[in-house]
Amino acid sequence: MNYFIKAIVSLLKEKTNLQEDEIEKLIEIPPDLKMGDYAFPCYNLSKTLKKPPNIIATELSKTLQATINENLLESPFKKGGLSGITEIKAIGPYLNFFVDKAIFSEMVLKKVSKERDRYGSGNIGLGKPVVIDYSSPNIAKHLAVHHLRSALIGNAIYNVYKTLGYQCVGINHLGDWGTQFGQLIAAYKKWGNENAHESYTVTDLNNLYVKFHQEAEKNPVLEDEAREWFKKLEAGDTEAKEFWQRFKDISLKEFHKIYDMLGIHFDAFIGESFYNTMVEDTIARIKGKGLAKVSEQALIVDLEPYNMPPCLLRKKDDATLYATRDIAAAEYRKKTHDFDKMIYVVGSEQKLHFKQVFKVLELMGDDWANHCVHVDFGLMKFKDGKMSTRKGKVVLLEDLLIDAVERIGKIIEEKNPSLENKDVVANEVGIGAVIFADLCTKRNKDVVFDWDEVLNFEGETGPYVQYTHARLCSILRKYGKPVTTDINYELLSEDEAIILIKNLGRFPSVILKAAELYEPSLICNYLIDVCGNLNRFYNAHRVLSDDEELTKSRILLVDATRQVIKNGINILGMHAPEQM
RNA sequence: GCGCCCGUAGCUCAGCUGGAUAGAGCAACGGUUUCCUAAACCGUAGGUCAGACGUUCAAAUCGUCUCGGGCGCACCA
């Protein structure tokens, strides 16, 4: 709660019968600057007071205004009357409060200036470990655009939580186990070129995978062979394991390359296979609790009482399933990290799966089961349907990234040919465009992948935000002197400045909300908003001028805005180049 | 069939723990550069907030139903 809201709450508390938190909840920001800085709707009071809300607003405005004038409460500020509130006015059913703009500006700008890179951060997470599971692609397949969402959302949430002081553990839960490895081994044994395996790439593995599915349709025996190989793998067969390790190495090499391009960080790459040794123990304990039973030759946990289909632990051929491994993994992670919260950033098509897994954990007596959250997100698809690795119907992530960087390179050549480090900047902006485009929509919506849309760099885009930041850096460079908070805050009185400053003050609460809702898009929208505010200010007022006092004031605003944009950009996992 | 998610301007989306005239961007049209990066800014045009009923002083926002789209529902992950 900021200072002014606190003041308003304390004023209203005396004159109404409402509780502090009730009042705070009701306080809102008027849609127009001219209507005031904060507003209190009087509809609720009209019920208890049995009077129309506009009458109540008028009466309250009179008594409160009188309080201000008498200066009954002590104010930490010399000017601006009571607590920096200058006027209280009724507009229709609303009680509107005007605050001293200079005081407000001073508070916000000094805070940003003082906290710098830490502005927006907090300490609510101090001493609380959070495990975040994101990206988690399957081995032996290319990373494609539909893999972006988990990786980017997860990475951003990681940064948000870290900003709030949480001790984050980012885990890439590689899909390196399961029947598909049996398929791959079977395919490799049949059609793979052993002599050339040294130079194998994910493309070769993927071709094998595609071929397997084509052939298996004609010849179902192949599926049995694949199952056989997977059973061998699970049993620790040397030959099977050797193939598996090979596939894994090939994949990881490519994954790392792309994660590096995207700037995505993980603290650990621990695949499903890692939990293979624990699975038996997990099943034994589930059985021990009397939760497991055999049904249709498979081992299940019946979730009928909870209106869910059963959770499958073991197939009829004895092989385990991913639910089993997820349960084992969750318990292992709890043991090793003692997390306060565990976040799974996985597509919404797995909603039921996680509901089942969390329920089984709960039934097992893991009282932390409700600290696990599935942060789901909508499907990415093409205009004409779902993306599918199996059908080879994908846009490879690498291709998209390279294309984005190239296009930005051309734009730089066109608009700023004398720029230094063009390649570096093209990378930061091109990749940033892709990141921002993906993070920008609320995660629960399905997104249709549109090449032109992702690679459009005007309007509400990553490059727009980065460009705004670069412009501000440019002004500061030209100014060339140290920025000071010792300025005349009265000079920042234009509407464009006030709106901007108000928004800068909101930043910490945006981060908090993004954490609470696991919603990086809030930060994207916020940045777009701030950049719009800034660009409007920039367009209407010159920062550098002969008027030294005015210049000093505006420079502080420029520097604070630059800082906020940079902090936001970084949390999203993007770079903020100083020139572009 | 059952469950979950989505449906706001031609397109992509904000707004959704109810509140003051429903906001941006793209696309279209018109304008702004002797001036801090025009990747910007301003203006014009564009809306039965899918539809119906209900709750409320007040509904894009909450509830029920209908329609349309997506996803999931036992041996893939």
Side-chain angles (χ1 to χ4, degrees), chain A residues 25-26 28 30-32 35 39 41 43-44 46-47 52-53 91-94 96 136-138 175 177-180 183 272 295-300 307-323 325-326 346-353 355 376 378-379 381 386 390 408 411-412 414-416 419 429 433 437 440-442 444-448 450 452-453 456-468 470-479 521-522 524-525 528-529 531-532 534-545 551 554-555 558 579-580:
Chain A
K25 260 192 210 161
L26 287 169
E28 48 189 271
D32 193 310
M35 301 167 91
Y43 303 100
N44 284 39
S46 81
K47 250 182 218 156
I91 302 179
Y94 286 87
N96 291 25
S136 310
N138 286 332
W177 208 249
T179 329
Q180 82 261 31
Q183 297 170 349
E272 287 182 76
S295 165
E296 298 172 31
Q297 298 171 68
L299 188 68
I300 66 160
N307 287 319
M308 280 187 259
C311 179
L312 265 82
L313 300 174
R314 220 197 266 288
K315 303 197 281 186
K316 64 181 167 201
D317 68 358
D318 266 8
T320 59
L321 285 110
Y322 78 130
R325 293 189 287 272
D326 270 359
V346 181
S348 58
E349 69 273 16
Q350 293 199 37
K351 251 182 162 168
L352 178 59
H353 164 72
K355 258 179 88 178
D376 63 322
L379 217 69
K381 54 194 174 162
K386 195 176 168 173
R390 215 174 270 195
I408 293 291
I411 294 173
I412 289 174
E414 194 181 295
K415 310 209 177 206
N416 196 357
L419 180 69
V429 178
C440 214
T441 42
K442 261 176 44 180
N444 67 340
K445 293 212 178 188
D446 287 348
V447 292
V448 173
D450 184 335
D452 293 331
E453 195 135 340
N456 167 38
F457 308 126
E458 278 164 25
E460 298 174 337
T461 65
Y464 170 73
V465 176
Q466 288 168 317
Y467 173 72
T468 306
R471 268 180 147 181
L472 298 178
C473 290
S474 176
I475 295 174
L476 291 163
R477 226 172 12 249
K478 283 218 162 97
Y479 180 65
S521 70
L522 292 176
C524 293
N525 290 314
I528 292 287
D529 212 28
C531 289
L534 183 281
N535 282 314
R536 247 159 268 140
F537 177 83
Y538 180 98
N539 210 261
H541 311 286
R542 246 196 104 70
V543 176
L544 303 173
S545 71
T551 301
R554 290 184 174 167
I555 278 291
V558 163
Q579 295 183 57
M580 64 186 267

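Quick note: numbers below take in every heavy atom, side chains included, and nothing from hydrogens, waters or symmetry partners. In the text below, chain A, chain B and the rest are named by the order of the sequence lines, each starting its count at 1.
Nucleic acid contact for A:Leu299: none, since no nucleic acid atom lies under 4.0 Å from a heavy atom of the residue. No engagement by A:Arg554 is indicated, since no non-hydrogen atom pair under 4.0 Å with the nucleic acid exists. A:Pro30 comes within 4.0 angstrom of a base, heavy atoms only. Among the protein residues, A:Leu321 comes within range of the sugar-phosphate backbone only, with heavy atoms under 4.0 Å from sugar or phosphate atoms but none that close to a base. Nucleic acid contact class of A:Tyr479 (heavy atoms, under 4.0 Å, all strands): none. Contacts of A:Leu544 with the nucleic acid, taken as non-hydrogen atoms under 4.0 Å apart, include base atoms. Residue A:Leu26 is classed as having no contact, given no heavy-atom separation below 4.0 Å to the nucleic acid.
The ring-ring contact (aromatic ring centres under 6.0 Å, His included) search around A:Tyr538 returns none, not counting sequence neighbours. A:Glu460 is linked by a salt bridge (Lys or Arg N to Asp or Glu O under 4.0 Å) to nothing, counting only residues two or more places apart in sequence or in another chain. Under the ring-ring contact (aromatic ring centres under 6.0 Å, His included) criterion, A:Phe457 pairs with no residue at all, not counting sequence neighbours. Qualifying side chain to side chain donor-acceptor pair (under 3.5 Å) partners for A:Thr468, counting only residues two or more places apart in sequence or in other chains: A:Asn535.
Taking 4.0 angstrom as the limit, A:Tyr43 places none of its side-chain polar atoms (N or O) nearer than this to OP1 or OP2 of B:A20. The side chain of A:Lys355 places no N or O atom within less than 4.0 Å of a non-bridging phosphate oxygen (OP1 or OP2) of B:G72. Phosphate proximity of B:C6 to A:Lys445: absent, as no side-chain N or O sits under 4.0 Å from OP1 or OP2. Close to B:U32, at under 4.0 Å from its OP1 or OP2, lies no side-chain N or O of A:Asn539. For B:A39, the OP1/OP2 oxygens have no side-chain nitrogen or oxygen of A:Arg471 closer than 4.0 Å.
Under the 3.5 Å distance criterion, with hydrogens and angles disregarded, a donor-acceptor pair is assigned to the side chains of A:Ser545 and A:Thr551.
B:G68 sits 29 Å from B:U56 when the C1' atoms are compared, rounded to a whole Å. The P atoms of B:C42 and B:G10 are separated by 23 Å, rounded to the nearest whole Å. As rounded to the nearest Å, B:C57 and B:G72 have P atoms that lie 44 Å from one another. Across the C1' atoms, B:G47 and B:U33 are found 35 Å apart, a figure rounded to whole Å. Straight-line distance between the C1' atoms of B:G46 and B:U55: roughly 33 Å, to the nearest whole Å. One P atom belongs to B:A50, the other to B:A60, and the distance between them is 10 Å to the nearest Å. Taking atom C1' in both B:G18 and B:A74, one finds a spacing of 43 Å when rounded to whole Å. B:G51 and B:A22 have their P atoms separated by 16 Å, given to the nearest Å.
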Using a cut-off of under 3.5 Å, enumerate the N/O to N/O pairs linking the protein to nucleotides 21-26 of chain B.
unit_1	atom_1	unit_2	atom_2	d
B:A24	O2'	A:Glu460	OE2	2.4
B:G25	O4'	A:Glu460	OE2	3.3
B:G25	O2'	A:Glu460	N	3.3

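Contact annotation: side chain of A:Ser521 to base of B:A14, donor-acceptor pair absent below 3.5 Å.
Between the CG atom of A:Leu379 and the P atom of B:G72 there is a distance of 8 Å, rounded to whole Å. Look at CD on A:Glu272: it is 7 Å from P on B:A77, rounded to the nearest Å.
Here the side chain of A:Lys381 is nearest to one of B:C76, B:A39, B:G70, namely B:G70. Checking B:G70, B:C76, B:A20 against every side-chain atom of A:Ala39, the shortest atom distance belongs to B:A20. Closest to the side chain of A:Ile475, from the set B:G70, B:C36, B:A39, is B:C36. The listed nucleotides are B:A40, B:A39, B:C76; the one nearest the side chain of A:Met580 is B:A39.
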Both atom distances under 3.5 Å, Watson-Crick or G-U wobble: I'd like the secondary structure of RNA chain B as a dot-bracket string, with | for pairs made across strands. ((((((((.[[[[.)...(...]]]].(((((.......))))).....[[[[[..)....]]]]])))))))....
